[in-house]
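One structure is given below, encoded as structure tokens.
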Protein chains: 2
Amino acid sequence: MVNVVITESERAEVASCETGELELAAVLHALSDPIRLRIVTELSDGVERSCGAFNLPITKSTCSHHFRVLREAGVISTRVEGKSRINVLRRDPLDERFPGLLDAVLQARSD
Amino acid sequence: MVNVVITESERAEVASCETGELELAAVLHALSDPIRLRIVTELSDGVERSCGAFNLPITKSTCSHHFRVLREAGVISTRVEGKSRINVLRRDPLDERFPGLLDAVLQARSD
DNA sequence: CTCTAAGTACGATGGTTGTCGAACCATAGC
DNA sequence: GCTATGGTTCGACAACCATCGTACTTAGAG
């Protein structure tokens, strides 16, 4: 059993050395919240939706937070359209980088 | 935009109503840490390993913590053998409940 | 121009998490 | 019985996170 002490930043650095690991962990973390899972599931039909179209049981600011987490992990992308922000699932980039991951999560959710 | 306030426990309860969601979120969360991803990856060859066999850059207690998170999410199982705790990846149960998920994660990691 | 609708940004707060060290426990070997 | 060895448990701590309310921005409607 090793007994080395490292800081948080060093830990993140170590992680990013192994290709793909950091981004994968970020995507998995983004998907590991019920609210965000619900958003992703609803977006998985390919229909673009504004943030307000999800009827989520949270306040506006919390809603904004969750969409940002998903956006920064690369799970969704958002474009401005009039007063609304339209959200789209970034299915193709995700499928290319993590083949099968999104499908597995979506299928698991719909069981 | 709805504006309902709920507590954390209520939120968890709501989540558990939709079948599979809670467990899925737990598994995804368990996998969203670099150290635990590494443990799962090493275990994915089917070889059973003691906790100390991973050479992780963390202390014993932190190590114990990560194995517990994986165990409680149902990702691994542990059995006592002499002085050691032998860890096994619960591949079949995982594949049955979340088909393709583990494979997708493992493949993404090895890119 | 004013008002409303849709979000974002900021600051606060309570809960969770990753980490550590020290103490503890169980087993094997002496 | 004594001593490693391999883990677990506990308490502490800093960082992070989900949540909220308030204030702000931007765009369309009147």
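In this text, all values refer to a predicted model and were calculated from it rather than measured experimentally.
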Worksheet entry | Nearest-nucleotide comparison on DNA chain D, the residue closer to the 5′ end among B:N87 and A:V69 | B:N87

Are [X] and [Y] packed together at the side-chain level, in the sense that at least one heavy-atom pair is separated by less than 4.5 angstrom?
{"X": "A:S50", "Y": "A:K83", "result": "no"}
{"X": "A:K60", "Y": "A:H65", "result": "no"}
{"X": "A:I86", "Y": "A:R49", "result": "no"}
{"X": "A:V88", "Y": "A:R79", "result": "yes"}
{"X": "B:D95", "Y": "B:L101", "result": "no"}

Would you tabulate the side-chain donor-acceptor contacts of residues 70-78 of chain A under 3.5 Å, counting partners in other chains and residues two or more places apart, or write 'none'?
residue, atom, partner, partner atom, Å
A:R71, NE, A:T78, OG1, 3.0
A:T78, OG1, A:N87, OD1, 2.9

Practice prompt. Could you list by number each residue of residues 73-86 of chain B showing a heavy-atom separation from DNA chain D of less than 4.0 Å, or answer none if no residue does?
Written response: B:K83, B:S84, B:R85

Discussion item. How bent is the helix from C:dC1-D:dG30 to C:dC30-D:dG1, measuring the angle between the end axes built from five pairs each, rounded to 10°?
Written reply: 20°

So, taking the atom named [atom1] in [X] and the one named [atom2] in [Y], what distance separates them when rounded to the nearest 0.5 Å?
{"X": "A:T62", "Y": "A:I35", "atom1": "OG1", "atom2": "CD1", "answer": "8.5 Å"}
{"X": "A:E23", "Y": "A:R97", "atom1": "CD", "atom2": "CZ", "answer": "4.5 Å"}
{"X": "B:F98", "Y": "B:L28", "atom1": "CZ", "atom2": "CG", "answer": "7.5 Å"}
{"X": "B:L89", "Y": "B:I39", "atom1": "CG", "atom2": "CD1", "answer": "11.5 Å"}

Discussion item. Taking the minimum atom-to-atom distance to the side chain of A:R36, which one of D:dA18, D:dT19, D:dG7 wins?
Written reply: D:dA18

Discussion item. Measuring from the side chain of A:I58 (C-beta onward, heavy atoms only), which nucleotide among C:dC20, D:dT8, D:dT19 has the closest atom?
Written reply: D:dT19

Provide, to the nearest angstrom, the distance between the [atom1] atom belonging to [X] and the [atom2] atom belonging to [N].
{"X": "A:K60", "N": "D:dC20", "atom1": "NZ", "atom2": "P", "answer": "13 Å"}
{"X": "B:R49", "N": "D:dG7", "atom1": "CZ", "atom2": "C1'", "answer": "18 Å"}
{"X": "B:F67", "N": "C:dG18", "atom1": "CZ", "atom2": "C1'", "answer": "15 Å"}
{"X": "B:L56", "N": "C:dT19", "atom1": "CG", "atom2": "C1'", "answer": "14 Å"}
{"X": "A:H65", "N": "C:dT8", "atom1": "NE2", "atom2": "C1'", "answer": "14 Å"}
{"X": "A:R71", "N": "C:dG7", "atom1": "CZ", "atom2": "P", "answer": "11 Å"}
{"X": "A:I39", "N": "D:dA18", "atom1": "CD1", "atom2": "C1'", "answer": "13 Å"}
{"X": "A:H29", "N": "C:dT17", "atom1": "NE2", "atom2": "P", "answer": "10 Å"}

According to a strict under-4.0 Å criterion, is [X] in side-chain N/O contact with OP1 or OP2 of [N]?
{"X": "B:T62", "N": "C:dC20", "answer": "yes"}
{"X": "A:H66", "N": "D:dC17", "answer": "no"}
{"X": "B:T59", "N": "C:dC20", "answer": "yes"}
{"X": "A:S50", "N": "C:dG7", "answer": "yes"}
{"X": "B:R68", "N": "D:dG7", "answer": "no"}

Worksheet item: Do the side chain of A:S64 and the base of C:dG7 come within less than 3.5 angstrom through a donor-acceptor pair of N or O atoms?
Response: no

